[in-house]
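Along the sequence shown, residues are numbered consecutively beginning with 1. Just follow the structure's listing: the first ligand is 1, and inside any ligand the first atom is 1. Quantities reported herein were computed from a predicted structural model and do not represent experimental measurements.
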Amino acid sequence: MTTSVNPLKPPARVKIPRQVPREEDARARASTFAEVSRGFDAERALVEATRCLECRDPACTRGCPVGVDIRGFIQKLLAKDYAGAAARIREANALPAICGRVCPQESQCEATCTVGRRFAPIAVGLLERFVADWEIEHGAPPPPPAAARVGRVAVVGSGPAGLTCAADLARLGYGVTVFEALHAAGGVLRYGIPEFRLPKKILDLEVDRIRSLGVEIRTDFLVGRTATLDELLGEWGFQAVFLATGAGTPTFLGIPGEGLCGVYSASELLTRVNLMGAWSFPERDTPVKLGREVAVIGGGNTALDAVRTARRLGAERAYLVYRRSRAEMPARREEVRHAEDEGIEILFLTNPVRILDDDAGWVRGLECQQMDLGEPDESGRRRPRPRPGSEFLLPVQTVIEAIGQKPNPIIQSTTPGLAVGRAGVVTVDDAQRTNRPAVFAGGDLARGGATVILAMRDGRRAAAAIHEHLAGEKGAAPGAREGRP
Ligand code: FAD
Ligand code: SF4
């Protein structure tokens, strides 16, 4: 532990209120794709860092799925050693500018922070973002890769799981090629999470940093078609493969009217906007036709991103239709607050029943019914039950479904013998090993839809397991801590 440079005694530290980030004005931002949260400036970051108690047993790190040394980087920040703070974070996290923006810190590091027992917890995510943004603006590129390579590994998919695994393996001296089906790297960070939450410039810089470790990224390469997994392990000469192809296939409710014009999946809408620039049609040739009134069905981050995107594309009334109450919403609290500030109307305890048509094949409304909450279900959340006679019509011309995603089956169906479980999720053990020798898997492909940081944790575990498999060495990748979370 470095010596404390905190000018205040602990009792004085906790009296300082948690600092709030700068934000774009809600009304102005609801019609632009500019980033909403502007993060901390140096002054606020230093005040916030002063609140940290520098705990001897930092509970915050136990709450971080990749085990970032949070106390250590905050101490470097306090000493104004921003480069040192960034290096400390990067020991465990290859995408800090992204995690600082999109991680659900309130249920991870900030939920376990000691200060949070009696006061507002340290704003770990915002401090991480400040340090990572400082590094992007001022930092030196990472050291060049070692010339001699100890083996060749293929990573399939360039989302957070694939990029993290690739970075760890490159630092261990492996030659790594990432195969990506789309024309740009990043996975959901590229085509799912919108510009107003995660600017693509930030993603580009993080991806460039991983490339500069010596990682090759081959885009427009669909594993299962361009080459199969067995071909990568055979004639392509890779010694191991990490599968990280995510869960990009949308699921639908199965209610009447889903075939009408004006019904989208959230992933189609977001991909058209984020990856194909649909907001700038006709300059870009991918249009999105939305009605004046739009309903998005769901309560997770994807639903929030879709409804806020619809608002920015010009929807005069944008509704979020969610069958449970606010307390059960899986979306990040900050995103819910931002959406409401932007004029999104959230209809809680409301369940869609059917989509109505205007006799010309287009949507004219969404029939819904009100719900009450019963006993908890297997997910631990209270189960919604329809309230008899409570049906009503929501007048909308567009319906967007955001109720969940599952893995694309292409690799599973072209890889004989690969064990697959419910909904096409690839089966793995604690070290991300599949049942096929030299084949590992992780992220949403092995979880069926989770978070960026859990995908990154899988990427780290897989890199350590691949290293153990190829080099016969026990132990974790550089930066991984003992008692890996
Ligand atoms: P992905 O990010 O899905 O990446 C998989 C990649 O593999 C894709 O680029 C895909 O094109 C490629 N691929 C697929 N098949 C093939 C193939 N056969 N060959 C080659 N390449 C292939 N999580 C959070 O923590 N915070 C958030 O705020 C948040 N918001 C979200 C918003 C949206 C709209 C969505 C959809 C998800 C959000 N999530 C969020 C969840 C998070 O983004 C995912 O859990 C995470 O991206 C999963 O990472 P991954 O690497 O497993 O897969
Ligand atoms: Fe600082 Fe909270 Fe971590 Fe303690 S638990 S070291 S107060 S961030």
Just to confirm my output: which protein heavy-atom neighbour is closest to [atom], and how far is it?
atom                    : answer
atom 9 (O) of ligand 1  : Glu180 OE1, 2.6 Å
atom 29 (C) of ligand 1 : Asn301 ND2, 3.6 Å
atom 37 (C) of ligand 1 : Val188 CG1, 3.4 Å
atom 36 (C) of ligand 1 : Thr302 OG1, 3.4 Å
atom 53 (O) of ligand 1 : Gly246 CA, 3.4 Å
atom 25 (O) of ligand 1 : Val452 N, 3.0 Å

Side chain, backbone, both or neither: which applies to [X] and ligand 1 if a contact is any heavy-atom pair less than 4.0 Å apart?
X      : answer
Val102 : both
Phe221 : backbone
Leu163 : neither
Ala161 : both

Contact with ligand 1 for [X], non-hydrogen, under 4.0 angstrom:
X      : answer
Arg197 : yes
Gly248 : no
Ala244 : yes

### Task
Tell me which one of Thr164, Leu222, Asp444, Leu270 gets a heavy atom nearest to atom 44 (C) of ligand 1.
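It is Asp444 that holds the nearest heavy atom.
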
### Message
Going by the closest heavy atom to atom 49 (O) of ligand 1, which one wins out of Gly162, Ala181, Pro160, Gly404?
### Response
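Considering heavy atoms of Gly162, Ala181, Pro160, Gly404, the nearest to atom 49 (O) of ligand 1 sits in Pro160.
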
### Sum of protein N, O or S atoms, each under 2.8 Å from atom 3 (Fe) of ligand 2
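For atom 3 (Fe) of ligand 2, the figure is 1.
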
N or O pair under 3.5 Å between [X] and ligand 1:
X      : result
Gln405 : no
Ile193 : no
Ile410 : no
Val223 : yes

Keeping [X] on the side-chain end and [Y] on the backbone end, is there a donor-acceptor pair under 3.5 Å?
X      : Y      : answer
Arg211 : Val215 : no
Glu110 : Gly125 : yes
Arg337 : Arg333 : no

### Message
Please enumerate all residues that pass side chain to side chain donor-acceptor pair (under 3.5 Å) together with Glu334, with sequence neighbours excluded.
### Response
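Scan of Glu334 (side chain to side chain donor-acceptor pair (under 3.5 Å), adjacent residues dropped) gives none.
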
### Message
Asp81: which residues meet the side chain to side chain donor-acceptor pair (under 3.5 Å) condition with it, sequence neighbours left out?
### Response
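So Asp81 forms no side chain to side chain donor-acceptor pair (under 3.5 Å) with any residue.
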
### Task
Locate the shortest heavy-atom distance separating Leu126 from Phe40; write the atom from each residue and the value.
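Residues Leu126 and Phe40, closest heavy atoms: CB-CE1, 3.5 Å.
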
### Sole residue of Arg101, Arg197, Lys200, Arg29 in salt bridge (Lys or Arg N to Asp or Glu O under 4.0 Å) with Glu35
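That would be Arg101.
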
### Query
Are Glu24 and Arg38 ion-paired here, with the side-chain N under 4.0 Å from a carboxylate O?
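So Glu24 pairs with Arg38 through a salt bridge.
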
### Task
Could you name each residue pair satisfying salt bridge (Lys or Arg N to Asp or Glu O under 4.0 Å) that touches residues 175-195, not counting sequence neighbours?
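Sorted result for residues 175-195: Arg190-Asp204.
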
### Task
Taking the side chain as every heavy atom from C-beta outward, state whether Phe196 and Arg312 have any pair of such atoms under 4.5 Å apart.
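Touching, per the 4.5 Å side-chain cut-off.
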
